[in-house]
Amino acid sequence: MVIDLLLVAGASNGVVLAFRELSVLELTAVCINLTLLLVFLFIVSARFVAVCCGRTRLWKDNLVGSAVDIRQNGVADGEEVRNIVIGKRYKASALCCFYVLLVYVFVLGYDGIGLIREGARGESGNSAWTVLLLPAALSLAWFVLSFSVLYCKYKAAEKCPLLLRVWWIASFIICLCMLCADGKGFLEEGSDQLDSHVLANIIVTPAFAFLCFVAAGGATGIQVSSNSGLQEPLLLEEEAGCLKVTPYSEAGLFSLISLSWLDPLLSIGAKRPLELKDIPLLAPKDRSKANYKILNSSWEKLKAENPQKPPSLAWAILKSFWKEAWRNAIFAGLNTLVSYVGPYMISYFVDYLCGKESYPNEGYVLAGILFAAKLVETITTRQWYLGVDIMGMHVRSALTAMVYRKGLRLSSSARQNHTSGEIVNYMAVDVQRVGDFAWYLHDIWMLPLQIILALAILYKNVGIASLATLIATVVSIIATVPVARIQESYQDKLMAAKDDRMRKTSECLRNMRILKSQAWEDRYRLILEEMRTVEFKYLRKALYSQAFITFIFWSSPIFVSAITFGMCILLGGQLTAGSVLSALATFRILQEPLRNFPDLVSMMAQTKVSLDRISGFLQEEELPEDAITTLPRGISNVAIEIKNGDFCWDQSLPTSTLSNMHIKVEKGMRVAVCGVVGSGKSSFLSCILGEIPKISGEVRICGSAAYVPQSAWIQSGNIEENILFGSSMDKAKYKSVIHACSLKKDLELFSHGDQTIIGDRGINLSGGQKQRVQLARALYQDADIYLLDDPFSAVDAHTGSELFKEYILTALAAKTVVFVTHQVEFLPAADLILVMKEGQIIQAGIYDELLQAGTDFNTLVEAHHEAIEAMDFCNLVSEESDENDNLKSLVTVEMPNSASITGLAKEVQEGVSSSEQKAIKEKKKAKRSRKKQLVQDEERERGRVLQIASSWWMAWANPQTVGDEPKTGSMMLIGVYMALAFGSSWFIFIRAVLVATFGLAAAQKLFLKMLRTVFRAPMSFFDSTPSGRILNRVSIDQSVVDLDIPFRLGGFAATTIQLLGIIGVMTQVTWEVLLLVIPMAIACVWMQKYYMASSRELVRIVSIQKSPIIHLFAESIAGAATIRGFGQEKRFMKRNLYLLDCFARPFFCSVAAIEWLCLRMELLSTFVFSFCVVLLVSLPAGSIDPSMAGLAVTYGLNMNNRLSRWILSFCKLENKIISIERIHQYCHIPSEAPAVIEDSRPPSSWPENGTIQLIDLKIRYKESLPVVLHGVSCIFPGGKKIGIVGRTGSGKSTMIQALFRLIEPEGGRIIIDNIDISTIGLHDLRNRLSIIPQDPTLFEGTIRDNLDPLAEHPDQDIWQALDKSQLGDVVRQKEQKLDTPVLENGDNWSVGQRQLVSLGRALLKQARILVLDEATASVDSATDNLIQKIIRSEFKDCTVCTIAHRIPTVIDSDMVLVLSDGRVAEYDTPARLLEDKSSMFLKLVSEYSSRSSGVPDF
């Protein structure tokens, strides 16, 4: 309708005049300039009136205030001094304005003199004076404009006034129109056309062009910088780069349309690589916090509205972001409407070229309409796409924050349903997918709209046959529904398989130390490869079903068009070139929504799966707010009270974890909790924290609590951050905390003190140091109640005594302390002792009372005394056997020099690959099946070429106008068309299958190579690399390689061929287009390079900023109990929102940069297309085949779309390839020594004797770090028990790591039974050694898998091992016996039970050398004594090296090695060392026995 009106209007005389009469243009120029002049005068007078009336001084201040400030020498107090720099841009603008003014004044003078002369000669008519009207109006206008520019300098304005910019742009447009009209007149009338106005117009054009460019940017070229640095803190200056908010938030209309607000960032990126500090902050409304609040409130409202019905997360998202969706819908709708203008006009255009002119200058009117439609289409597309990206970013930020918050609040039962790997996947994969659906949201309603518009145009061209189009379209859409269903089920299974793999990967990375020391890494790598095979199976099915859907939908437009043309011929309708081309253009536009439909269906399926998964997670049970009642500090004298408490971790079990709990703890009391392994001590602390589900009863605490868990939870960061834990620094308090936790000496040993970066999960701290950092964190919080879960198990006897004295008895003297302990010696100092058994408090009272009462407490204390009695060596000194004298001869001791050990500071830095790596990667990718790749490209090319051929056939074979004879028969016409078109779609199907096949093969190769390389990496790699960074590569980057890159490669090749085809068709018809295509191509390449400089860095920053989010996520879930115990959920939530914003900033700029580039590219192609159309219109009638001209226009309509698609796919491909680069980086991690060296395998019976020789052993963790062990030399005789003792950080665990070659020595050798361990393979070594580690680790699975992961032993042996390790009865009580499940991290087994499982592993392995690294730290004395007895009997012929802080554990050893600061301080039999009054060992024994004597000297 609108177009018909335009055509009618085009027929009127006014339009004709617009093209033929110059006076109309001159009159327009006069009117516009005078109107703008009036507007200017109105604004000035309005301001003047406002100031005169004294109503406000605001306008005046804006006009002159800043300029006056600058002119004045004196600056008012508190005002800042401002420096003004006048740039070249401003000088050039001023020069151009005065130059134009000069030209028009000269023309006015020249015309005036000419008029006077004519008047003198009597030649001038009445209207001759009108010749002066234009130069006079322009002179006046440019006089005002020139002085306005000067006023900008006076005002120190950094931005040009809006009126000035509009005026400049309008002047440039008028100038161009006049040039066109003058050019046309010159061609028709020759040099007679030339006069002063024409010459002036030509002279001022360059100046106008420059001013238009300045107006587009908006900046005047004047820079004003504040000089108030004297009062400002330095920090703000350092971070000034990231304190500015993005210009997008305050950009003007022109800046938003042209995306020129991004220019400053891109210009920085073109000069140097961008950094995070260069990227401006998001506007407050775009930040994570704002979006999280909106979405969370919608979600909570939906939950409250109908508590019985599960709320819809999709509806909550739509309610939260409907305004953005609506705004995008307007752009999308407008874009759809204007995209159909071209196809509608083509039939008129072909008719015009055939000589059927409906009204004068119809060709130019049609060209103008086509240009305007393409321009609007370009602008709306870019605004729509940017809006969609921003909406997706908002949804992702809000959902991630909600999932994170939920992760912090999950109840224990809900936590068992979702492992940390799964929860990370919700955030990394599912949230991403829901955010990406913003791209497809509007397709749901746009598809019907596009089909209706297409049918309307088709009805005009082919009449009633368009009904066949409708039916064919519906059939082709219905055909995909079953395939889409199948794809959805594959997608479900794929996500489940991915979750399983991620969970296992996460577990392996966490426990890599144990996997390597037990030589199990190959077994677990194979498990991961099997899991990947399952995932790969579903991935392949999903991609092949996608390929089939692609084939159906590439075929559907061809199917639809063939049926339409066939029906038209059957019904006897006359097809003309015009109607066929119009129909083909319509089918081409219809092809997009039809082709996108499978993507839409598949994306809807995937998004539904992801929404259901996230929604299910968000509805999981949270820890109840009322689990405990917290009273404010000082309101009551009772600190903790539990009444009738029954608690159970798993409510499906018939028995409670804790039952009949009655306890009242007064303020300031010290309460000790003791009992055997698995009696419910840790669960007791959990019930006070509200962590364990409450079945009945009441828990009340008064004041704030601090919690120290049994397994240390340390955050990545430095030691100071871990201690402060979000509190502000108070130097005096900090020092006293360091002293109370005995950390002073440790911090001196670290090269960077408390600024030492802690590796992932505190990996570079010893067990004792981790525990004391935890204690320091709790003490610094200055809470009222302290809950300590076995805090002394991981520290040596001396440090333990010191900690108890300084920490519990001194620093916490006025606090309420509840501590779980296995150290009986600390019990006398407690005000109340709780003895636990089978989840009940069986005794409560003070030490002496409980001793007299007998029962279980007595058993614990007696076990302890037995151990102490074993230390009474004084009587045995004279009875030392000759054997020990013989041992003496084997001992070589290096006495210590005064030196200090320097700790390990890990530089944790994200590796960004260099250009060399990228080059290698490109070569490898090219090498990969080169033949196959070539075939693939060729077939794609045929697919596209055939498609263009089919369109050419239809244009050539049909008559050009109604009444002409067709060139072939109708059956021949349809037959050839269908053959060409279906040939094209078959090649597309083959392409899709090949892309999927080779893409999958490449992805699988990359994955397996990365996995094998990571598993073969040395332990130092895992110590210095946060697991989040590795997980990022195996989840997000691997997903990109699996699903994105193959199709992006295919899409890029396809689009390239299409673009070349379009340019080929246009050039064949009008070769002159080449004159514009070549400069356009050069401009495109230049712009693309300019853009890529910034884009590449932005994408890298986005990738780098993603890892900390995942890392914080994984870390927070692991330490959720600690975070809740300290009440720090809000701080961690804020940190998460901050990291989300750090990620969103570069992401936002990255997507805006793509749109910036596409807009400019599309505008260029729109101008080329318009030039082609104008050329076709201008050529004399009959000089060109109208149907071929129509074909050129048909394809040209698609050109800007194709060009931007080509650029987009190229840039996205380059950006996505960064994922290959990141994976490739992890395919080249230096490997540790070979697992097996075939030429150097030890005998199968090795080690027979088990003698270990350390010869001048020197160890450092990294080349840049100091030596940790300084030339240690000693011999551990075969079959003997060696005790290794020393203060925390003396190098005990380092020596053990060297024995297992987890660290390679820098100097010296370790020889076991005459074989140098550095000459044999790692598996040959580690398989023959056994270790019970300090941190007992259980893997998810069953008890059987945990004891015997390599499946080498029969069940009978496993039961024997369980019985010997005191777990047989516990496991027999379980329903599933050996298949009893073990949850992630062994969470359903107590720490002591986990330690006994580790003992069971050692018993099964039966190695000749056994290492116990603090193996009994987490068990009570009775269990410890039991373990020692088992070890004595079961490993009597083995060499047993025991590191222990409990002296009774090592006192009965054959030899004792005392380490100090990485050197051998003493090495002898325990009896000899105890004889020596100066011995360090004697000091350790004395400290232990004095604190253990039962009468505390504290």
Chemist: For E300, which residues count as a salt bridge (charged side-chain N to carboxylate O under 4.0 Å, His left out) partner, sequence neighbours excluded?
Modeler: K303
Chemist: Could I get the full list of side chain to side chain contact (heavy atoms under 4.5 Å, CB included) partners for S696, not counting sequence neighbours?
Modeler: D646
Chemist: So among I640, V638, T629, L689, which one has a side chain to side chain contact (heavy atoms under 4.5 Å, CB included) with I701?
Modeler: I640
Chemist: Mind checking what makes ring-ring contact (aromatic ring centres under 6.0 Å, His included) contact with F725, not counting sequence neighbours?
Modeler: F1126, F1132
Chemist: Among residues at least two apart in sequence or on other chains, which ones pass side chain to side chain contact (heavy atoms under 4.5 Å, CB included) with P1381?
Modeler: Q1376
Chemist: Identify whether the distance between the nearest side-chain nitrogen and carboxylate oxygen of D790 and K681 falls below 4.0 Å.
Modeler: no
Chemist: Does a side chain donor of either T816 or Y786 reach within less than 3.5 Å of an acceptor in the other side chain?
Modeler: no
Chemist: Output all residues satisfying side chain to side chain donor-acceptor pair (under 3.5 Å) with S1398, sequence neighbours left out; order by chain, then residue number.
Modeler: none
Chemist: Tell me every residue that passes ring-ring contact (aromatic ring centres under 6.0 Å, His included) with Y707, counting only those two or more places apart in sequence or in another chain.
Modeler: none
Chemist: Just how far is it from atom CG of L827 to atom CG of L832, taken to the nearest 0.5 Å?
Modeler: 11.0 Å
Chemist: Within the side chain of W713, is there an N or O that forms a donor-acceptor pair under 3.5 Å with the backbone of I1123?
Modeler: no
Chemist: Under the side chain to side chain contact (heavy atoms under 4.5 Å, CB included) criterion, do R700 and L631 qualify, and how do the steps go?
Modeler: CA-CA 7 Å; R700 192 177 292 165; L631 305 172; 3.6 Å; yes
Chemist: Kindly compute the distance separating CG (N1346) from CD (E1340), expressed to the nearest 0.5 Å.
Modeler: 10.0 Å
Chemist: Looking only at the side chains, is there a donor atom on one of D730 and Y780 sitting less than 3.5 Å from an acceptor on the other?
Modeler: no
Chemist: Checking E621 against S411: is there a side-chain donor and acceptor pair closer than 3.5 Å?
Modeler: yes
Chemist: Should the pair K406 and F617 be classed as cation-pi, given the thresholds of under 6.0 Å to the six-membered ring centre and 45° from the axis?
Modeler: no
